[in-house]
Amino acid sequence: MSNDQNDAIKSILEENRVFNPPREAAERLGGAWIDSMESYQEMWRRSVDEPERFWETEAKEHLHWFKPFEQVLSWNPPDARWFEGGLTNACHTCVDRQVEEGHGDEVAIIWEGEPVSDGAPEIRRLTYADLQRETARVANALESLGVGRGDIVTIYMGMVPEVAIAMLACARIGAAHSVIFGGFSASAIVDRVRDADSRVILTCDGSWRRGSIVPLKASVDEACQELPGVTSVVTLRRCLNDIEMVDGRDHDWHELVSRQSDDRPCEPMDSEALLFLLYTSGSTGKPKGIVHTTAGYCLHASVTARNTFNLRPDRGQVYWCTADVGWITGHSYIVYGVLPNRVPTVMYEGAPNFPAEDRFWSMVERHRVTQFYTAPTAIRAFMKWGDEHPAGHDLSSLMVLGTVGEPINPEAWMWYHRVIGGERCPIVDTWWQTETGGHMITPQPCATPTVPGSCTLPTLGIDAAVVDDDGNELPHGTGGLLVIRKPWPSMLRGIHGDRDRFIETYWSRIPGMYTAGDAASRDDRGYFWILGRIDDVINVSGHRLGTAEVESALVSHVHVVEAAVVGFPHDIKGTGIAAFVTLGPRAEASDGLKKTLHTHVGKEIGAIAKPDMIRFTHALPKTRSGKIMRRLLRDIAAGRESTQDTTTLEDLTVLAKLREEDE
Ligand code: WT7
């Protein structure tokens, strides 16, 4: 444990504010799936004592099976296969099933565009029948381009309903998707398309963000110069900005899709068929393509969406998750987990402060949102913008508030509870990861008493624990590794094309247990508290970045010889990015060069990776064996005295210099 983590444990143990689930919560929600702590505890105990029986019942109830499965689980650590022998389809579970059961004319997606003219934004409502027709058309369009079962289609689009349609259309025909967040740069597209070996890319001309157009198609064009394997690019017109169309390769979405038949049944797929890859950051520079498969992923996403937000159809609920579909939160809790629950899912195209800082609250009011899910970084920004923005709107429809992506500081939690939730909405602080596919540790809104800053207890079927390096469970109040001891249906099946890295990253530390990469501790109640990452991954505004990724972006600049990147505490972002850079002989340390490097990182990765602080140094502090002393840099970036032992530092003057530059 680092010093800050030990300090964190001390303050956790002092936190004594407990909020019982408001009594009227269950009533307002039209009944609770899990209605008391006793029933949660009883259900959870049974679910981990007899996991196969538990998951079997869930899978039969929640998924549509073209052919029933024969075996619940085969587990040869680290390889799990769930529901083998069964045939199902993710698009069917989300869309066709609802239509077949007579709900075709109910609203599935409520979409709101960013631009506001004459005080009103553009709103589109798509029913399940619309989704069935549109996913069938896009599925046929994909097939006309030669896409078939098992192919991986890259999707690089803004937040428009068509991005969800594109994902579901892939699932419909048994193709997999790889969605790339629209904020990533052309070179990030190159890495991901190459790794996935995609031949088809679906994109938009542009995407609205804070009143300007993000030129998505232009980035795809730039990327394609290095991607000879890409044979088709389909572009949805959204912003009507100028774009170039390449003959033979490029297609206009509407032209291509509108001439397709709207009949295309869902392909029955093996439970373990690849559903999607989603790239995320790790300890090395290369992003990893996390592998998720069909049945298990869909099951855990929809069961947790239902329980954590208490989604219930026919009760007038409207659910809104503010994430981008390009992250796992959007995959699981805008699309795959929500649609099967028959509660409309809101999609918003743009920024939270456009045209003004009350945009989210005006949307909550306009759509009568009942469940709202966002990130701590957003909550901290709302706090800073001022209480008058939420105060100007009627937020009385809200019933459950969720948070995800990073630890939430108690101040932000209390503000969310008081100002947004009017002290009547349970807060669900959900801990999980791209790799876990769905919620792992979270309160149940009508059952679990909450404590600001704790994600509380595991979801049904999840055996989470805090252990030492040998895998022994630690006593409460002690920090250790957060692990999951039993397999679960939506666990990652691998890293695309990199078996060794899969084993090394998640399974080598403690054989047979999934190591999450987070440090955690439990309090007297047994509640979990996340203390932060144990690897060189930082969490910037709820987005995961590898420090090595940012470092390799920096050293790819001609003037940079060496770079070390660390995180430091940041008021809004949670963690800011600090870069220590040594320059080549022909470069001059200047503010201009800082700006250049800043832009350069944006170009190499995307705006989210731009450093908040760049410091030039003549050398980086290293141990005698040549390892960069990152802890020391973290202390310097945070502006605190270091308790780090510097006896192994190769050159003490480096440290003195770095500190001087602090002044
Ligand atoms: C990492 C996973 C899961 C969707 C968004 C991020 C951190 C996530 C919490 C939380 C404390 C959290 C962890 C985790 N994290 N949720 N509620 N409390 N930390 O997904 O990009 O895969 O990042 O985010 O460090 O390992 P991701």
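Just follow the structure's listing: the first ligand is 1, and inside any ligand the first atom is 1.
Between E435 and R493 no salt bridge is recorded (no basic side-chain N to carboxylate O distance below 4.0 Å). Looking at R509 and D469, a side-chain N of the basic residue comes within less than 4.0 Å of a carboxylate O on the acidic one, giving a salt bridge.
Both the sub-6.0 Å distance and the 45° axial angle are satisfied by R306 relative to the ring of W33.
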- Task: Apply salt bridge (Lys or Arg N to Asp or Glu O under 4.0 Å) to the pair E551 and R630, showing each step before the final yes or no.
- Result: CA-CA 13 Å; E551 286 164 5; R630 290 170 175 285; 2.8 Å; yes
- Task: Check the pair Y279, F184 against ring-ring contact (aromatic ring centres under 6.0 Å, His included), reporting the backbone distance first and the verdict last.
- Result: CA-CA 11 Å; Y279 287 84; F184 278 122; 9.6 Å; no
Measure from every N or O atom of ligand 1 to the protein's N or O atoms and keep only the pairs below 3.5 Å, writing each with atom names and distance to 0.1 Å.
| from | atom 1 | to | atom 2 | distance (Å) |
| --- | --- | --- | --- | --- |
| ligand 1 | 15 (N) | G405 | O | 3.3 |
| ligand 1 | 16 (N) | G405 | N | 3.1 |
| ligand 1 | 17 (N) | D429 | OD1 | 2.7 |
| ligand 1 | 17 (N) | T430 | O | 2.7 |
| ligand 1 | 18 (N) | E406 | O | 3.4 |
| ligand 1 | 19 (N) | P407 | N | 3.4 |
| ligand 1 | 22 (O) | T434 | N | 2.8 |
| ligand 1 | 22 (O) | T434 | OG1 | 2.5 |
| ligand 1 | 22 (O) | R544 | NH1 | 2.7 |
| ligand 1 | 24 (O) | G405 | O | 3.3 |
| ligand 1 | 24 (O) | N539 | ND2 | 3.2 |
| ligand 1 | 25 (O) | D518 | OD1 | 2.7 |
| ligand 1 | 25 (O) | D518 | OD2 | 3.2 |
| ligand 1 | 26 (O) | Q433 | NE2 | 2.9 |
| ligand 1 | 26 (O) | D518 | OD1 | 3.3 |
| ligand 1 | 26 (O) | D518 | OD2 | 2.7 |
| ligand 1 | 26 (O) | R533 | NH1 | 2.8 |

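Looking at heavy atoms from C-beta onward, Y373 lies out of side-chain contact with T322 at the 4.5 angstrom threshold.
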